[in-house]
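Scroll down for the structure; my scribbles are underneath it.
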Protein chains: 2
Amino acid sequence: MDALIRRLSFYSDLDDADRADLATLRGTIRNFRAHSEIITAGQEMDAVLVMREGWAARFKTLEDGRRQILNILLPGDIFDLQVLVAAEADHSVVTVTDGSLYAVAPAAVRKMLAGSGPLTMAFWWTQVQEEAFLREQIVRNGRQTAQERIGHLLLELHRRAQIVDQASADAMPLPLTQTQIADTLGLTPIHTNRVLRRLVRAGLIEMNRQWIRFLAPDRLAEMCDFDPGYFHLDAFRMRLARR
Amino acid sequence: MDALIRRLSFYSDLDDADRADLATLRGTIRNFRAHSEIITAGQEMDAVLVMREGWAARFKTLEDGRRQILNILLPGDIFDLQVLVAAEADHSVVTVTDGSLYAVAPAAVRKMLAGSGPLTMAFWWTQVQEEAFLREQIVRNGRQTAQERIGHLLLELHRRAQIVDQASADAMPLPLTQTQIADTLGLTPIHTNRVLRRLVRAGLIEMNRQWIRFLAPDRLAEMCDFDPGYFHLDAFRMRLARR
DNA sequence: CGGCGAGTTGAAGAGCTTCAAGCCTGGTGG
DNA sequence: CCACCAGGCTTGAAGCTCTTCAACTCGCCG
């Protein structure tokens, strides 16, 4: 549960008792291969799933096959806390890479959420953050140009990867295909490709099939109006300090 | 707290004790006029706000003034449950009409959430639903045409208004301006206008500045691939029955 | 070595935006 | 009481971003 501990610790200083509580939540580990559909919309859920290793993507498809990725899931991300109250999934999840996840019994999670300690608050936090990612996704796809969207998404993923120790200061693994990026940003793969090439030619990024390097992160951030305030990282630490 | 009770009751059968608990949550009533900014991004939050009467809209603006509405708030909607863990708002809220809201102390809400009764579950539910609305908004704006987006949004609002008794079977008050609809759907007001007129000419809807009537709801729903499954209404009732 | 998935590039076309102008309605003040 | 003004709605015309259709390349795995 390394990525999860790492992520929760980012918000809340967990002591040994908290870590022990977290251990009891662990549940079973399930491995998965790339491109497998872990959850299918309409399916009845029976466990809370937590990403352990690898990347995945929430998505919905329209009748005629158009696909929209809602959010990318990184290690440490929790999906379907909604299983606690909802019977069926309203969207699907597909894996991007090989990896593994924890499947936790809803009852254990519900018990943990009834508490009020640092662990509970940290969990709440991941949910608040997840919602902020969705909101940012709406702004990006609703009001930004293709170039801005791509830059913004890449910077968000980089920051999120850093939080769980999966990225260096100016580079990270990027296992997404250009089609997946396009489906995230409401674009066609063709246009996504053209814009990515343009960013490379402009000397802003460098990339291959598995990695991306940010050559001028500040210029990129300014170009696409990226302000990581919605991560609420500082705010939370301030609040902790205040208690 | 009529709309809130109405909404929570839709998911969970609240008995008198639950209603009494809810009453203690009531907090203070604040009135507002149309077009006032209730919450400004970056502002520190001190209360959980619940819509009582009137409509509002969450939104974010980019540096250069482009505006994106994230979600429309109807009576019974709860905003900023995130105040429980986050210090500052990451988006703004502006009112659409005159109205009023409840301001509830975070401590009271936190206590309520630590429970596990029908009231707590119903609150969780509103949050799950809210997240589903955000996801649907992403699909709409990412992969649907202007005409589909508009039809889909109108049908969603109608369904939500019905839940809190603010709409009849085929009509509802619609206080949004075309510019606000455009800002919700990532379109220009000009194009929004053109498409709305087209829907009217096609005999699908009838509207004026304050009202909309659905003349052929089924045809409209089919045209824009509207499936209210993401409201999770049935799923929840099933789960309740199962306990 | 053959084939498949992913990436790349070109050319034509559609949907939506931008710029521009006029209209309608409700509220305000002389 | 009515003229005026502002905000919202409506319509036209031109233009740009992104899409669609098409073809070709590259790298990898069987």
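Here is how names work: the chains are called A, B, and so on, in the same order as the sequence lines, proteins then strands, and each is numbered from 1.
Ring pair B:Tyr11/B:Trp125 is parallel by interplanar angle, where below 30° counts as parallel and above 60° as perpendicular.
Non-hydrogen atoms lying under 4.0 Å from DNA chain D are contributed by nothing in residues 150-157 of chain B. Of the residues in residues 191-202 of chain B, those with a non-hydrogen atom less than 4.0 angstrom from any atom of DNA chain D are B:Asn193, B:Arg194, B:Arg197. For the segment residues 172-188 of chain B, residues with any heavy atom less than 4.0 angstrom from an atom of DNA chain C are, sorted by number, B:Gly186, B:Leu187, B:Thr188.
For A:Gln178, the side-chain contact (heavy atoms from CB on, under 4.5 Å) criterion is met by A:Asn193, A:Leu196, not counting sequence neighbours. Partners of A:Phe123 according to the ring-ring contact (aromatic ring centres under 6.0 Å, His included) rule, which considers only residues two or more places apart in sequence or in another chain, do not exist here. B:Thr95 pairs by the side chain to side chain donor-acceptor pair (under 3.5 Å) definition with B:Ser36, not counting sequence neighbours. Under the side-chain contact (heavy atoms from CB on, under 4.5 Å) criterion, B:Asp225 pairs with A:Leu62, A:Glu63, B:Gln144, sequence neighbours left out. Under the side-chain contact (heavy atoms from CB on, under 4.5 Å) criterion, A:Val96 pairs with A:Trp55, A:Ala57, A:Pro175, A:Leu176, A:Gln180, sequence neighbours left out. For B:Phe226, the ring-ring contact (aromatic ring centres under 6.0 Å, His included) criterion is met by B:His152, not counting sequence neighbours. Checked against side chain to side chain donor-acceptor pair (under 3.5 Å), B:Gln166 has no partners two or more places apart in sequence or in another chain.
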What string of B, S and - do you get for nucleotides 22-30 of chain D, 5' to 3', when a contact is any protein heavy atom under 4.0 Å? ---------
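Side-chain atoms of A:Arg67 and A:Thr61 form no donor-acceptor pair, as typed in the model, at a separation below 3.5 Å.
For residues 165-178 of chain B, the set of pairs meeting the salt bridge (Lys or Arg N to Asp or Glu O under 4.0 Å) definition, not counting sequence neighbours, comprises B:Arg6-B:Asp165, B:Asp170-B:Arg213.
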